[in-house]
**Q** 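Take this structure first; my questions come after.
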There are 2 protein chains.
Amino acid sequence: MTSSPSSLDATQLGAYFALIEASSLLKHAVEQQLREAGDLSYVQFQLLATLGDSPTGSRRMTDLADGVVYSRSGLTYQAQTLEKRGLVTRTPSSDDERSITVTITEEGRAVLAGVFPGHVTILGDLLFAPLSRSDIETLADILGRARDHMRQTPPRSAEPRRRRKAAGS
Amino acid sequence: MTSSPSSLDATQLGAYFALIEASSLLKHAVEQQLREAGDLSYVQFQLLATLGDSPTGSRRMTDLADGVVYSRSGLTYQAQTLEKRGLVTRTPSSDDERSITVTITEEGRAVLAGVFPGHVTILGDLLFAPLSRSDIETLADILGRARDHMRQTPPRSAEPRRRRKAAGS
DNA sequence: GCAATGTGCTTCGGATTCGAAGCAACTGGA
DNA sequence: TCCAGTTGCTTCGAATCCGAAGCACATTGC
């Protein structure tokens with residue numbers, strides 16, 4: 001029942017602004033901590049964390065890009081940067097010659113371990129401090145639903161790359 | 001009671017990821033709509049919207065920077081861009097010679113009005129669609145508290161520009 | 001096997017961001 | 001008034017991001 005009125009009511013506006021502002025403020029703070037603690041950008045941290053989560057410590061580029069929200073080209077850039085620093089390795093997959101498997105290295109894990117405590121502290125102090133346990137549960141639930149919905153709905157360009165023949169000139 | 005354990009429990013992690021992902025997805029979608037409908041970046045839209053909200057249609061640069069979350073230099077860049085397009089004017093304040101007053105123009109208001117309906121639609125379809133009214137209220141409350149807390153807590157560098165004399169060398 | 005299409009990743013150019021440093025105007029105290 | 005410190009904004013350089021275009025491998029249909 002999305003009636004789509006031409007404006008938002010005060011509550012909706014408040015939720016929208018609060019979401020944008022809170023995530024911006026949090027992201028800025030976290031970025032600063034990551035930069036100081038391990039010279040990582042936020043994306044780089046997300047990539048390392050995602051890889052560290054994987055049982056094998058590795059993922060395909062495309063799966064990484066989906067997990068994080070960034071563009072393919074941006075991912076390439078950051079993966080190269082991380083590779084230069086020796087925090088990940090990139091090897092062509094054996095199945096698909098064009099697919100690249102990214103794997104976190106020991107040093108990558110070390111850097112990750114180095115920044116993690118500070119990361120957790122920041123989250124606790126900035127995001128969770130003013131919230132009760134029940135608030136946090138509610139937040140996870142509501143935003144989780146919103147995220148799942150947005151992931152399903154065609155997020156980027158409605159039609160990824162279809163170019164059905166272009167019907168001549 | 002910030003016990004700051006060395007890791008987060010599943011609920012906290014879920015809330016954190018959901019917040020980051022939901023805001024990222026939403027922001028990307030909105031950015032695309034704004035670009036298509038009025039060739040505006042997200043910051044530019046926020047600036048115009050903030051100015052449009054003001055009774056006088058104008059604000060000082062610093063107040064704008066505080067309202068949005070961006071850096072002063074980034075604000076300067078965007079304000080110049082908007083001025084080139086004739087969507088805002090920038091005039092030195094009469095009180096403070098160094099202060100700049102930014103004012104939205106008629107054309108700025110027109111562009112704002114042009115992108116607004118689509119903006120509202122995106123929000124409705126992506127963010128609010130899967131949420132009940134009570135969800136939205138709760139979200140506004142919780143994230144509002146988090147935002148206020150983060151705004152108070154030294155967000156950027158712990159000490160903005162204090163260089164209290166530097167106790168000479 | 002070969003051509004047409006699809007998929008995975010990178011390169012390219014341009015836009016946007018930030019922090020540090022710099023300039024100019026204001027403020028308070030001697 | 002004059003000086004030191006503060007505040008408002010801009011410039012500068014570097015980093016990061018994206019989308020479009022391009023390249024190479026894979027897959028399908030014939």
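Quick note: numbers below take in every heavy atom, side chains included, and nothing from hydrogens, waters or symmetry partners. These figures come from a predicted structure and were not determined experimentally.
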**Q** C:dC18 P sits how many Å from B:R72 CZ, rounded?
**A**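 In whole Å, C:dC18 P lies 12 Å from B:R72 CZ.
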
**Q** If you take any heavy atom closer than 4.0 Å to DNA chain C, which residues from residues 55-67 of chain A end up in contact?
**A**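 Within residues 55-67 of chain A, the residues near DNA chain C are A:R60, A:M61, A:T62.
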
**Q** Does A:Q78 have any side chain to side chain donor-acceptor pair (under 3.5 Å) partners at least two apart in sequence or in another chain, and if so, which?
**A**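 Expected list: A:Q44.
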
**Q** Taking only N and O in the side chain of A:Q80, is any of them less than 4.0 Å away from OP1 or OP2 of C:dT11?
**A**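 Answer is yes, contact under 4.0 Å.
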
**Q** May I have all residue pairs that pass salt bridge (charged side-chain N to carboxylate O under 4.0 Å, His left out) and include part of residues 111-121 of chain A, sequence neighbours excluded?
**A**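 For residues 111-121 of chain A: none.
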
**Q** Between B:A79 and A:G74, which residue's closest nucleotide on DNA chain D lies nearer the 5′ terminus?
**A**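 Going by which nucleotide is closer to the 5' end, it is B:A79.
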
**Q** Looking at side-chain heavy atoms only, is the closest gap between A:R133 and B:T11 below 4.5 Å?
**A**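 Sidechains of B:T11 and A:R133: in contact.
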
**Q** Where do A:D135 and B:R145 come nearest, in terms of heavy atoms and distance?
**A**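 Here A:D135 and B:R145 meet closest at OD2-NH1, 2.9 Å.
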
**Q** Under a 4.0 Å heavy-atom cut-off, which of residues 82-99 of chain B touch DNA chain D?
**A**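 Heavy-atom contacts with DNA chain D come from B:R90, B:R98, B:S99.
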
**Q** Between D:dA26 atom C1' and A:I100 atom CD1, what is the distance in whole Å?
**A**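 Distance check: A:I100 CD1 to D:dA26 C1' gives 15 Å.
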
**Q** A:F45: what forms a ring-ring contact (aromatic ring centres under 6.0 Å, His included) with it, not counting sequence neighbours?
**A**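 A:F45: ring-ring contact (aromatic ring centres under 6.0 Å, His included) contacts with A:H119.
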
**Q** Atom CD of A:Q78 to atom P of C:dC9: distance rounded to whole Å?
**A**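 The answer, rounded to whole Å, is 16 Å.
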
**Q** Tell me every residue that passes side chain to side chain donor-acceptor pair (under 3.5 Å) with B:Y42, counting only those two or more places apart in sequence or in another chain.
**A**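 Per chain and number, B:Y42 pairs via side chain to side chain donor-acceptor pair (under 3.5 Å) with A:Y16.
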
**Q** Could you give the NE2-to-P distance, from B:H28 to D:dC17, as a whole number of Å?
**A**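 Result: 10 Å.
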
**Q** Determine whether B:R72 and B:D66 satisfy the following criterion, salt bridge (Lys or Arg N to Asp or Glu O under 4.0 Å), listing intermediate values before the conclusion.
**A** CA-CA 9 Å; B:R72 305 289 159 92; B:D66 287 345; 3.6 Å; yes

**Q** Among the candidates D:dT11, C:dC18, D:dC17, find the nucleotide nearest to the side-chain atoms of B:S71.
**A**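 The answer is C:dC18.
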
**Q** Tell me which residues in residues 36-53 of chain A put a heavy atom below 4.0 Å from DNA chain C, sorted by number, or none.
**A**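 Nothing qualifies; none.
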
**Q** State which residues pass side chain to side chain contact (heavy atoms under 4.5 Å, CB included) with B:E21; sequence neighbours excluded, sorted by chain then number.
**A**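 Partners of B:E21 under the side chain to side chain contact (heavy atoms under 4.5 Å, CB included) test: A:R147, A:R151, B:F17.
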
**Q** What is the distance from CG of A:L75 to P of C:dG8, rounded to the nearest Å?
**A**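 A:L75 atom CG is separated from C:dG8 atom P by 13 Å.
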
**Q** By side chain to side chain contact (heavy atoms under 4.5 Å, CB included), which residues pair with B:E107, not counting sequence neighbours?
**A**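 Partners of B:E107 under the side chain to side chain contact (heavy atoms under 4.5 Å, CB included) test: B:L87, B:T105.
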
**Q** What's the spacing between A:T50 OG1 and A:L47 CG if we round to 0.5 Å?
**A**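 Reported value, rounded in 0.5 Å steps: 6.0 Å.
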
**Q** Below 3.5 Å between N/O atoms, which protein atoms pair up with nucleotides 12-15 of chain C? Just atom names and distances, please.
**A**
none

**Q** Checking B:R35 now: which residues fulfil salt bridge (charged side-chain N to carboxylate O under 4.0 Å, His left out) with it, not counting sequence neighbours?
**A**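 Testing B:R35 for salt bridge (charged side-chain N to carboxylate O under 4.0 Å, His left out), a comparison that skips the adjacent residues, returns B:D39.
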
**Q** Measure the CG-CD distance between A:L40 and A:Q33 for me, rounded to the nearest 0.5 Å.
**A**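 Output value for this atom pair is 9.5 Å.
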
**Q** List for me each residue that meets side chain to side chain contact (heavy atoms under 4.5 Å, CB included) alongside A:S94, sequence neighbours excluded, and say none if there are none.
**A**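 So A:S94 forms no side chain to side chain contact (heavy atoms under 4.5 Å, CB included) with any residue.
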
